[in-house]
Number of protein chains: 2
Amino acid sequence: MRPDTEDDIGPLSPMPCFDLYAASRSVTAVYRPLLEPLGLTYPQYLVMVVLWQHEESTVREILRELQLDYNTVSPLLKRLETRGLLVRRRRTDDERSVTVALTDEGRDLRERTRHIPDVIGAAMGIDGPTVIKLREILRTITASATAHAAKT
Amino acid sequence: MRPDTEDDIGPLSPMPCFDLYAASRSVTAVYRPLLEPLGLTYPQYLVMVVLWQHEESTVREILRELQLDYNTVSPLLKRLETRGLLVRRRRTDDERSVTVALTDEGRDLRERTRHIPDVIGAAMGIDGPTVIKLREILRTITASATAHAAKT
DNA sequence: TACGACTACCTCGCACACGATTGAATCGGC
DNA sequence: GCCGATTCAATCGTGTGCGAGGTAGTCGTA
């Protein structure tokens, strides 16, 4: 009784969640060769995007933005710091917090990513209105699923 | 010049790929507590879904269905075999291939997953027509992105 | 002020994803 | 039949993603 048109033969067809999973990985796969020359992974790129906007942030703000947790973001930031793209330091006004700031090298890296959004946009093969529609649906799902998970 | 309505303040907002990434993880997070009592992860569950339909398959067919690669699926099947849910054996007609077949225990596990699709459907918070629309968009993206990655 | 609750962060362990490499079996062209 | 190319499968190393557990700092309230 699931909403299911039989337009495909695979057993995974009636599962929209699988389409989500497959689409997410396929887009990440497009990013990979674009980011590889910069020595960045996709999640690392997302962190850099946040920092290119905010210039300076905290670990907490970054993981909120990425909807991830400390146990994923902490080692990730550690690796980016080792590569010299950012620095972490304890805040003096609240010693629990850690400030994350770009280095010059991290800031400069931005120039080498200018072409990426257009390449991704083209690779996804959907037009502007569809992107808008997709985003609306995806945010509904994320909000609903997150709320569902929270009250369990 | 990206298709971008400024309806959100975060720096990740203009990136539909991020919405994809976040939505995928949020739905997986809904699966997790449902699958945990069965001792399955989400990718493991997907493999079981394939086997519940096909009853018997090959490693190659399974990874095609899941759009994954041997290096992900091989260890995954190994773990499921260790759990006693399936068995792997070399084919006699083509010794390169490995047949994957359910055990009785693997077959029986299906009964304990009957409620899952409805829970997921409800948790996603979108109606039937939207699911259809979403699936259409996601498959377009997956096909387009996969084609793009292939010719690079 | 004392102290329990909460917050920010980190580490460890396990299971994906995926690039790279290896090895065995089969296929294709001659 | 021979041999290079291809296919199927497994393993190793790196980087997430997340549950569980731990520490240090701050807050609320008596």
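Letters A, B, ... are given to chains in the order of the sequence lines, protein chains preceding strands, and every chain is numbered from 1. Every value quoted in this text rests on a predicted model; they were computed, and no experiment measured them.
- Using a 4.0 Å cutoff to heavy atoms of chain A, the contacted part of DNA chain D runs 5' to 3' from D/dG15 to D/dT26.
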Considering only distance and modelled atom types, tabulate donor-acceptor pairs under 3.5 Å from the side chains of residues 73-85 of chain A, sequence neighbours left out.
{"from": "A/Glu81", "atom 1": "OE1", "to": "A/Arg88", "atom 2": "NE", "distance (Å)": "2.9"}
{"from": "A/Glu81", "atom 1": "OE1", "to": "A/Arg88", "atom 2": "NH2", "distance (Å)": "3.2"}
{"from": "A/Glu81", "atom 1": "OE2", "to": "A/Arg88", "atom 2": "N", "distance (Å)": "3.0"}
{"from": "A/Thr82", "atom 1": "OG1", "to": "A/Lys78", "atom 2": "O", "distance (Å)": "2.9"}
{"from": "A/Arg83", "atom 1": "NE", "to": "A/Gly39", "atom 2": "O", "distance (Å)": "3.4"}
{"from": "A/Arg83", "atom 1": "NH2", "to": "A/Gly39", "atom 2": "O", "distance (Å)": "3.2"}

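- Screening residues 92-101 of chain B for side chain to side chain donor-acceptor pair (under 3.5 Å) gives B/Arg91-B/Asp93, B/Arg91-B/Thr99, B/Asp94-B/Arg96 as the qualifying pairs, with residues at least two apart or on separate chains.
- Take A/Ala101 and apply the side-chain contact (heavy atoms from CB on, under 4.5 Å) test, not counting sequence neighbours, and it matches A/Glu56, A/Val87, A/Arg89.
- Looking only at distances, a side-chain donor or acceptor of A/Thr28 sits under 3.5 Å from a matching main-chain atom of A/Ser24.
- Every residue two or more places apart in sequence or in another chain that forms a side-chain contact (heavy atoms from CB on, under 4.5 Å) with A/Glu61 is listed here: A/Ser57, A/Thr58.
- Atom C1' of nucleotide C/dC9 and atom CZ of A/Arg60 are separated by 12 Å, given to the nearest angstrom.
- With sequence neighbours left out, B/Glu36 forms a side chain to side chain donor-acceptor pair (under 3.5 Å) with no residue at all.
- Every residue meeting the side-chain contact (heavy atoms from CB on, under 4.5 Å) condition with B/Thr72, not counting sequence neighbours, appears here in chain and number order: B/Leu68.
- Between the CD atom of B/Glu95 and the P atom of C/dG23 there is a distance of 19 Å, rounded to whole Å.
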- Could you encode protein contacts along nucleotides 11-21 of chain C as a string, one character per nucleotide from 5' to 3', using B for base contact, S for sugar-phosphate-only contact and - for no contact, with a heavy-atom cut-off of under 4.0 Å? BB--SSBBBB-

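- Remark: A/Arg90 pairs with A/Val98 by the side-chain contact (heavy atoms from CB on, under 4.5 Å) rule, at least two apart or across chains.
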